[in-house]
**Q** 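Encoded as structure tokens, here's the structure I'll be asking about.
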Amino acid sequence: MTDLRPIAAGIDEVRIEARTVRGRGGEIPVRDYLPPEIRSDAAAVLWLHGGGFAWGNLDQAESHEVALRLAATGRPVRTVDYRLAPRFPWPRSYTDNHYPAGLDDVVDAGRAFADEHDRMVVGGASAGACLAVTATQRLSDVAGMLLCYGLYHAELPPLPDSVRERLRGLGGYRQLSAPAVHRLNLNYVGDEEALHGGAFPGGGDLTGLPPALLLDADHDTLRASGETFAAELDAAGVTTSYAVVPSSWHGYLNRHQLNGFRWALSAMTVWLDELSAGRGRTRAVPRS
């Protein structure tokens with residue numbers, strides 16, 4: 001996955017449409033990226049931004065620039081402005097945006113998108129990668145998952161030596177520690193009991209999920225979650241491709257001028273093309 005093919009060609013021809021789709025929590029704002037000509041063999045992509053479940057929007061590079069470039073390869077893309085959890089700091093009164101509000105929005109927007117296309121891949125970055133997996137567990141006939149520097153576990157797994165080595169010196173600054181991850185996740189779900197109630201796929205039943213591409217960041221504590229989750233998917237019989245984007249930090253998709261972004265988009269495009277060529281494996285029956 002080191003083919004640094006040009007990924008900017010054709011982005012000026014992508015048509016962008018802002019719309020809403022009906023969800024169980026009300027109207028959900030989405031943004032559709034439509035290439036001038038849709039490839040007959042290409043699956044549509046539902047793409048989800050990150051932001052710790054409490055931040056992020058459709059204008060950030062991690063959402064807009066990724067969707068624009070994936071659409072330029074001939075596949076329709078939808079981004080979702082899902083409801084965000086209340087922001088820090090605590091204490092705060094919880095609103096109707098607590099879990100599973102954001103997940104419900106993603107699932108509802110995904111179902112509407114799937115009704116418009118024959119095949120769909122679900123993907124996301126950071127918190128969006130977690131949402132991509134949990135949404136896929138609730139959707140039918142998802143052809144694959146695109147997952148970048150995701151947070152998949154309720155508690156951050158122990159850091160393997162391969163991760164610790166990359167966090168020395170400057171690489172160790174501005175990292176998410178285990179206590180920080182706990183607080184972030186607790187803010188998302190609302191209480192300690194809900195942490196292990198299905199909001200995070202890591203450590204749970206992963207059988208039947210479709211093929212997945214996981215791209216972690218080189219200098220990132222969340223690699224502990226990514227590496228562990230990739231192993232869990234493999235153990236569950238899920239066709240899994242895993243790679244670490246060289247010389248990258250968490251959030252590299254928000255820096256679309258840098259090599260990490262280009263490397264990742266090239267890898268994603270190659271994987272999507274390979275999935276199209278093989279048709280992939282779909283999950284036929286959604287979980288409740």
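Note that the numbering runs from 1 along the sequence shown for the chain. Keep in mind that what you see is a predicted model, and the values were worked out from it rather than measured.
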**Q** Is it true that Asp218 and Arg223 make a salt bridge, defined as a side-chain N closer than 4.0 Å to a carboxylate O?
**A** yes

**Q** To the nearest 0.5 Å, tell me how far Met268 CE sits from Asp273 CG.
**A** 12.0 Å

**Q** Under 4.5 Å between side-chain heavy atoms, hopping through other hydrophobics if needed: is there a path connecting Leu176 to Trp55?
**A** yes

**Q** Say you draw a straight line from NE2 of His117 to CG of Leu46; how long is it, rounded to the nearest 0.5 Å?
**A** 10.0 Å

**Q** Inspect the surroundings of CZ in Arg22 and state if more than 12 heavy atoms from other residues, nucleotides or ligands are less than 6.0 Å away.
**A** no

**Q** Looking only at heavy atoms, what is the nearest atom pair of Glu155 and Leu195, with distance?
**A** OE2-CD1, 3.9 Å

**Q** Would you indicate whether Asp191, at its atom CG, is surrounded by more than 12 heavy atoms from other residues, nucleotides or ligands within a distance under 6.0 Å?
**A** yes

**Q** Test side-chain contact (heavy atoms from CB on, under 4.5 Å) on Phe113 and Val30; report intermediate values, then the result.
**A** CA-CA 10 Å; Phe113 197 45; Val30 300; over 6 Å; no

**Q** Going from CE on Met120 to CZ on Arg78, what distance comes out if it is rounded to the nearest 0.5 angstrom?
**A** 9.5 Å

**Q** How are the rings of His64 and Tyr33 set to each other: parallel, tilted or perpendicular (split at 30° and 60°)?
**A** tilted

**Q** Tell me whether Glu37 at atom CD has more than 12 heavy atoms from other residues, nucleotides or ligands lying less than 6.0 Å away.
**A** no

**Q** Show your working on side-chain contact (heavy atoms from CB on, under 4.5 Å) between Leu272 and Val121 and close with a plain yes or no.
**A** CA-CA 9 Å; Leu272 285 168; Val121 168; 4.0 Å; yes

**Q** Got more than 12 heavy atoms from elsewhere within 6.0 Å of CZ, Arg164?
**A** no

**Q** Is it true that the side chains of Thr79 and His49 contain a donor and an acceptor less than 3.5 Å apart?
**A** no

**Q** So that I can tick it off, tell me whether Glu116 and Arg19 are bridged by a salt bridge, with the cut-off set at under 4.0 angstrom between side-chain N and carboxylate O.
**A** yes

**Q** Would you name the heavy atoms of Pro158 and Ala224 that are closest together and state the gap between them?
**A** O-CB, 3.8 Å

**Q** Kindly assign one of parallel, tilted or perpendicular to the pair His256 and Phe261, based on the angle between their ring planes and the thresholds 30° and 60°.
**A** perpendicular

**Q** Hey, quick one: are Leu58 and Tyr82 part of the same hydrophobic cluster, counting side-chain heavy atoms closer than 4.5 Å, chains of contacts allowed?
**A** no

**Q** Quick check on side chain to side chain donor-acceptor pair (under 3.5 Å): which of Tyr149, Tyr242, Tyr252 does Asp216 satisfy it with?
**A** Tyr242

**Q** Determine the interplanar angle of the Phe53 and Tyr188 rings, folded into 0 to 90°, and report it as parallel if under 30°, tilted if 30 to 60°, perpendicular if over 60°.
**A** parallel

